[in-house]
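See structure below.
Just so we're on the same page: letters track the sequence lines, and every chain starts at 1.
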Protein chains: 2
Amino acid sequence: MLRLSKLTDYATVLLAYMAKTNSHLHTAVELSEATAIHLPTVSKVMKVLSKAGVVYATRGSKGGYQLAQGPEQITVASIIGALEGPVAITECSSQTHDCEQASACEIKGNWGVVNRAIVNVLESITLADMMVTQQEYSSAEIQVSWQGLSR
Amino acid sequence: MLRLSKLTDYATVLLAYMAKTNSHLHTAVELSEATAIHLPTVSKVMKVLSKAGVVYATRGSKGGYQLAQGPEQITVASIIGALEGPVAITECSSQTHDCEQASACEIKGNWGVVNRAIVNVLESITLADMMVTQQEYSSAEIQVSWQGLSR
DNA sequence: TTTATACAGTACTAATTTAGTCCTATATCG
DNA sequence: CGATATAGGACTAAATTAGTACTGTATAAA
């Protein structure tokens, strides 16, 4: 679990296709046909990506979508952020509200550290990284270190 | 989003309480009273943690739960794994099934890199780390680096 | 200026997932 | 044997997500 929504997954597929064929504007119909994602869903996803500024939209005849930045500049964090809002693995990690558990919940806020670590990872991986084929991945490396407390 | 279930959150609260008072076996009733989490819910969570081997359970009179390892050995990944199964941010990241998107989905498997990076983070943070109070956190540091491809 | 094209916004329904509760079974101590 | 405590499973209700549809707005070309 710790799962992303399907819409976020669709978004990466759509954006990856756009990145590969960057020469022209892509209509929702074209994207739907190219990715086999139903048109209403493509439309829903692209609207959200457009609102978030991940893609530019042009209306009217000859209109369509294009990437707002190069694939190297579009981070996984920004894609997730567009579709699902800020990453917050627990209610505590995001909200300013008072926890009902009150005094009993001494973990309060400590998920924040985990959350921040995950956000760091998501901000360091780009659409370009995700487009690399699986074989090439065998040589990819990720290093994560949690330094603990400097006490 | 990218949210954990409430049960996972409860689990950390319960485990943190157990870690602080490690001298004796904790019954579900005691844990419920100490954490203000309803007894049926405590019971549900502890059963799962026990099955996963995060805690030991002793039945019968004088029975109860105790941590299976020290707080420094219990990783956030193992807690999440117990309650929610293996971390898999998308269906593709875990399943062996064939994707319906088939050829169109060239992103297939590439979430795996993101997934692995997140698992690394979760395995590097322990229950002990999470128990530190918030103030002390200001001095905590996490470093994450994504090295990209070595081509 | 009208028509066709294409995105924008919003609302609604169905499906899925999660949370919470309860009941019965099994193990252990005294 | 009886009291205590966990194990396992089933069930209901709530919340979230997915998918669809409808109406509005902008643009280009005839």
Side-chain angles (χ1 to χ4, degrees), chain A residues 1-11 13-14 18 24-33 35-68 80 82-85 88-91 94-95 100-101, chain B residues 1-11 13-14 18 24-33 35-66 68 80 82-85 88-91 94 100-101:
Chain A
M1 306 288 174
L2 191 82
R3 180 146 305 175
L4 293 170
S5 75
K6 284 193 183 182
L7 296 185
T8 304
D9 203 356
Y10 294 153
V13 173
L14 292 165
M18 289 174 73
H24 61 294
L25 264 55
H26 306 271
T27 67
V29 170
E30 180 204 335
L31 292 172
S32 172
E33 287 171 353
T35 61
I37 299 169
H38 292 338
L39 179 57
T41 302
V42 170
S43 185
K44 183 176 188 169
V45 171
M46 295 310 295
K47 275 183 268 189
V48 174
L49 289 174
S50 168
K51 194 169 185 182
V54 177
V55 300
Y56 289 138
T58 309
R59 287 191 183 185
S61 174
K62 306 279 180 184
Y65 297 99
Q66 58 189 312
L67 296 183
I80 294 176
L83 284 139
E84 319 199 15
I89 59 172
T90 63
E91 280 183 64
S94 67
Q95 299 190 3
E100 310 95 45
Q101 242 70 38
Chain B
M1 306 293 180
L2 193 81
R3 181 147 305 177
L4 294 170
S5 74
K6 283 193 183 184
L7 295 184
T8 303
D9 203 356
Y10 295 153
V13 173
L14 292 165
M18 289 174 73
H24 62 293
L25 263 55
H26 306 271
T27 67
V29 171
E30 180 205 335
L31 292 171
S32 172
E33 288 171 354
T35 60
I37 298 169
H38 294 338
L39 179 56
T41 303
V42 170
S43 184
K44 183 174 189 171
V45 171
M46 295 310 296
K47 275 184 269 189
V48 174
L49 289 174
S50 167
K51 194 169 186 183
V54 177
V55 300
Y56 289 139
T58 310
R59 286 191 185 186
S61 175
K62 306 277 180 185
Y65 297 100
Q66 59 189 312
I80 294 175
L83 276 293
E84 320 198 16
I89 59 173
T90 63
E91 279 182 66
S94 68
E100 308 95 47
Q101 242 71 39

Any Tyr10(A) side-chain N or O less than 4.0 Å from OP1/OP2 of dG19(D): yes
Using a 4.5 Å cut-off on heavy atoms from C-beta on, say whether the side chain of Val48(B) contacts that of Val54(B). no
Protein-nucleotide distance (Lys6(B), atom NZ; dT21(C), atom C1'), rounded to Å: 15 Å
On the nucleotide dA18(D), are OP1 or OP2 found under 4.0 Å from the side-chain N or O atoms that Thr41(A) carries? no
Residue pair Val29(B) / Val42(B), side-chain heavy-atom distance below 4.5 Å: no
Quick tally for nucleotides 1-14 of chain D: nucleotides whose base has a protein heavy atom under 4.0 Å get B, sugar-phosphate-only ones S, the rest -, giving ---BBBBBB-----
Could you give the CG-to-C1' distance, from Leu25(A) to dT27(D), as a whole number of Å? 12 Å
Is there a side-chain contact between His26(A) and Met46(A) in this structure, where contact means two heavy atoms from C-beta onward sitting under 4.5 Å apart? no
side-chain contact (heavy atoms from CB on, under 4.5 Å) filter on Ala68(A), not counting sequence neighbours, yields Tyr56(A)
Pairwise side-chain contact, Leu49(B) with Leu83(B), heavy-atom cut-off 4.5 Å (strictly under): yes
When the C1' atoms of the five terminal pairs at each end define the local axes, what inter-axis angle does the helix from dT1(C)-dA30(D) to dG30(C)-dC1(D) show, to 10 degrees? 20°
Separation of dT17(D) P from Leu2(B) CG (nearest whole Å): 11 Å
